[in-house]
Amino acid sequence: MPVPMPDDRSEAPYLELLARGAPAEAYERPVLRARADKAPADRLAALERAKLLALRVRGELEGRRRREAELSALYETAHDLAGLRDLDAVLQAIVQRARSLLGTEVAYLTLNDPTAGDTYMRVTDGSVSARFQQLRLGMGEGLGGLVAQTARPYVTESYFHDPRFQHTHTIDAGVRDEGLVAILGVPLVLGSGVIGVLFAADRRARVFEREQTALLGSFAAHAAVAIDTAHLLAETRTALAELEAANEIIRDRSRVIERASEVHDRLTELVLRGGGVHDVADAVAEVLSGSVEFLEVDAAPAAAVDRSRADGHAVRDGEEDWVAAVSAGGELLGALVLHGHPRLDPMDQRTLERAAMVTSLLQLARRSAGEAEQRVRGELLDDLLDTPDREPRLLRERAARLRADLDTPHVVLAAGIEAPDTGTPATGPGSGPGGPPGSSPGATAGSRSGGTPATAPGSAPAEDAEGRRRLWSAASHLAATRHGLAAARDGGTVLLLPLADGATADALARRTARQLGTAVHAAVTVGASAPVPAPAARPGEVAAGYAEARRCLAALRVLGRAGQGAAAEDFGFLGLLLAGTREGAPDGNGVQDFVTRTVGAVIDYDERRGTELIRTLDAYFAGGMSPARTKDALHVHVNTVAQRLERVGRLLGPDWQSPARSLEIQLALRLHRLASAVGY
C-alpha cells in the first residue's frame, strides 16, 4: 500500500526550516503547534511524515556540506603539498584542519626519532600545556605506541580507563596536564613503516564516528606525503649542493687531474718495460717539479715513515719534504721522499702516494726475482754450518757468484723475533732461537732451512710462523745488500755478514737487531760471535761461531735484554764463559766447575731430596736477604724459610752470608740459570 504523501500545508513549514538551516529541534515545533490547535489526526499524521522527510533531507544536506568541507580541506592540503616550502607550516595546517573538521578541542602530530629511539611531539593545535607540547614518549608506549605497533587507527572514549595500551607515568602526566579524555589516533605510514601518529582529542568523553576516523586517516596520509616530500627535497638540495661543489672541484682540479693521468701513463709504461724504483722516482720528480728519491729502510726518516704508515698517506717532513712509506703486507720496504715542496696539492700528494704503491710492487717483483738468489745464499750458509770439510775453492766460487767474499772477516749472528708485548721468543722460552721454521717442535738444533720458511703440521702457531717468515725475508734482504749470507735455522735466522775495518761484532749485532726490528715491525734479538777471520779457509769456525751466537742470544733473553743485539765481548766476565771452547776461549767446563764448587752441594741436595733450596736462595737474595720478603715470594711460612736457610748453612758453611761468599753464591746462581738456558 503506497505511503500517503503530505499535502502542501504539511510541507510548507518544513521547507521554510530547511531553507534557513534551522537546528534539528526546530522541526518538532509545527507538530507541537498543530496538536495545541486540536488539528485532526490526518493533519497530525501528514505533519509527522513531512517532518521525517525534512529531517532526512536536512541530514543529506548536512552530510553533503560536511563532505564538501572535507574535500575542500583535503584539496587545500594537497595544494599546500604541491607548493611545499615550509614543512612546519604544512604540518601545522594539516593539524588545524583536522581539529576543525572533527570538531575536537585538541589535535596533534608525533613523529618517531630513530636516533634517540623514541617519539616526540612535532605539531600541536589547541594545546595549553607546555609539558604536553614538549612530551617525548618511549617507543611502544601509550595510545600512539599501540597505533605505531599495529599500523591501525585506535580510539578511546576514556584514556585513563582504557587497558589496551601501556600507561606510563610520563605520558599519563602529560595527558592529565592537558586534560584530555577521548583520543583518536591514526598512523602516518610511509612505505611499509609507521613514521608517526596523527591525533584528535577532546577534554570530555566522546564517540568518534567511522567517517571521522577515515577523515583523520586522509589527513595522516597527506602528512606522511609532506614529510616524505620534505625529506626528498632536502636530499635533492643536498645532492645539488654537493654536485655544485664537486663541479667546482672538478673545474679547479682539471689541470691537476690531467697531470695525474700523465703520471699514471708514465708509471704504467715504466712497469711494463721493466723499470726500477729509481726510474719511478725520476718520473714523479719531473711531473711534480721537484726532487724525488727512493730510500732504503735504514736511510729513510724513521719518524716520518712511521706517521705515513699509520696514516696511509704522504706526510710532511720538515719544511719542504714529503715522505710516502713504501710497504707491502705490513712490511716496510723503504720510502719515497719529495724535496722542495713547502705545500703540496692534494692531488699531487695522491700522485706521490700512487708512486709509492707502484714502487712497492716493483720492490716485490724484485724480491720475487731475488728469491732464488736468497735460497742459494741460504744453501751456501747451511753447507758452511753443516759440512765444514767442503773444498775452500768451491766455497769461494759459490760465494763469488753471490758477490760475497769469504776470505775477509765475517761475524755469525743468530736472530730471533720476540712475541709482541712480552719480550719472550715467538717460538717459546727456553729453547734458544727455537725449533726450525716449518718443522716439528722435535727437530734438532742442527736443522737446516735455506729456503723460505713454511709452516708444516705440528709447527708453532700460525702467527709465530708468519713472524719467522718476515724475519727470514728481512734478514735475506739485509744479507744481499751487505754481500753476506742468511738462512732460516732453529726457529730463527742465522746471518754471516762481513765485518768492516774498525767495526766490532758487538756494534754489528746492535745495528742488525735495530734494522731487522724496523723491517719486521717487532722486537728482534741478535746474538753475535767473535769475528771469523776467513770463513772459506776455516769453515769449521762458522759452526762454532753460530753456537756462540746462539748462546749470546739466549743470554740476552735470560738477562732481560730481549730486542737488543750483543756479542760475547759485551758481557764482560760472562762473555768469556759464553765464548765456549772456540780457539782462544777458556775451557767450556769453567762455568759448571764454578757452579759446582760454589752451590753444588745445594743443587745435589735438591736433586736427591726433591727440595727447593736453590729456589729459596734465589728468592732470598732477590728480596734483599729478608726472610719476610722471601716467604711472600715463595708463599710459604716464615718458619719454613728459616728451616731451609738453616739447611743451606749446614751445606755451604757458616760464613755463606758474608759479603764475599754471598757475592760468589749469587753469581753461581745466575750462572746456573744461564748455563741451563744456553745448554752447558
Review point. Partners of S308 by side chain to side chain donor-acceptor pair (under 3.5 Å), sequence neighbours excluded?
Key: none
Point to revise | E293: partners by side chain to side chain donor-acceptor pair (under 3.5 Å), with sequence neighbours left out | key: H339
Main-chain N/O of [Y] paired to [X] side chain as donor or acceptor, under 3.5 Å:
X: S218; Y: A214; answer: yes
X: R307; Y: R316; answer: yes
X: T236; Y: L232; answer: yes

Review point. If you look only at pairs with a residue in residues 109-153, which of them pass as a ring-ring contact (aromatic ring centres under 6.0 Å, His included), with sequence neighbours excluded?
Key: Y108-F132
Just so I know, are the side chains of [X] and [Y] near enough to count as touching, which here means a heavy-atom distance under 4.5 Å?
X: D125; Y: V106; answer: no
X: V186; Y: T213; answer: yes
X: L188; Y: L198; answer: yes
X: L143; Y: V197; answer: no
X: T124; Y: V95; answer: no
X: F208; Y: T104; answer: yes
X: I171; Y: E141; answer: yes
X: V297; Y: L333; answer: no

Practice item. Inspect the surroundings of CD in Q149 and state if more than 12 heavy atoms from other residues, nucleotides or ligands are less than 6.0 Å away. Key: no
Report the distance from atom [atom1] of [X] to atom [atom2] of [Y], rounding to the nearest 0.5 Å.
X: E209; Y: L184; atom1: CD; atom2: CG; value: 11.5 Å
X: R122; Y: D88; atom1: CZ; atom2: CG; value: 4.0 Å
X: E105; Y: D202; atom1: CD; atom2: CG; value: 4.5 Å
X: L91; Y: I227; atom1: CG; atom2: CD1; value: 5.0 Å
X: R97; Y: L102; atom1: CZ; atom2: CG; value: 14.5 Å

Distance-minimising heavy-atom pair for [X] and [Y]:
X: G117; Y: M139; result: O-CG, 3.1 Å
X: V520; Y: A474; result: CG1-CB, 3.9 Å
X: I183; Y: A201; result: CG1-CB, 3.9 Å
X: L332; Y: S327; result: CA-CB, 4.1 Å
X: A300; Y: V305; result: CB-CG2, 3.7 Å
X: P301; Y: V323; result: CG-CG2, 3.9 Å

My understanding is that only residues two or more places apart in sequence, or in another chain, count here; which of them pass side-chain contact (heavy atoms from CB on, under 4.5 Å) with [X]?
X: V194; result: A148, A151, P187, V189
X: A116; result: D113, D118, R136
X: Q134; result: none
X: P114; result: none

Study note, to complete from the structure: Here the salt bridge (charged side-chain N to carboxylate O under 4.0 Å, His left out) pairs for residues 182-192, sequence neighbours left out, are none
Exercise for review: Among residues two or more places apart or on two chains, list those pairs meeting salt bridge (charged side-chain N to carboxylate O under 4.0 Å, His left out) that have a residue in residues 157-172.
Suggested key: D162-R164
Check your understanding: What do the steps show when you test T170 against L135 for side chain to side chain contact (heavy atoms under 4.5 Å, CB included), and what is the final call?
Key -> CA-CA 8 Å; T170 302; L135 200 61; 3.9 Å; yes
**Study point:** Option passing side chain to side chain contact (heavy atoms under 4.5 Å, CB included) with F199 (candidates L109, L180, T110)
**Key:** T110
Check your understanding: Could you go step by step and tell me if H313 and R350 meet the side chain to side chain contact (heavy atoms under 4.5 Å, CB included) rule?
Key -> CA-CA 8 Å; H313 298 288; R350 180 59 184 151; 5.7 Å; no
Study note, to complete from the structure: Sorted by chain and residue number, the salt bridge (Lys or Arg N to Asp or Glu O under 4.0 Å) partners of D311 (sequence neighbours excluded) come out as none
Check your understanding: Under the ring pair (Phe, Tyr, Trp, His ring centres under 6.0 Å) test, which residues partner Y159, sequence neighbours left out?
Key -> F165, H167
Check your understanding: If you look only at pairs with a residue in residues 176-196, which of them pass as a side-chain hydrogen bond (donor to acceptor under 3.5 Å, both in side chains), with sequence neighbours excluded?
Key -> S127-E178, S129-D177, E178-R203
Exercise for review: Decide yes or no on side chain to side chain contact (heavy atoms under 4.5 Å, CB included) for R206 and Q212, but give the supporting numbers first.
Suggested key: CA-CA 12 Å; R206 168 180 176 168; Q212 294 173 319; 2.8 Å; yes
Review point. With distance as the sole criterion, is a donor-acceptor pair present between the side chains of N112 and T119 under 3.5 Å?
Key: yes
Practice item. Test side chain to side chain contact (heavy atoms under 4.5 Å, CB included) on L338 and D321 and set out the steps. Key: CA-CA 6 Å; L338 170 65; D321 290 351; over 6 Å; no
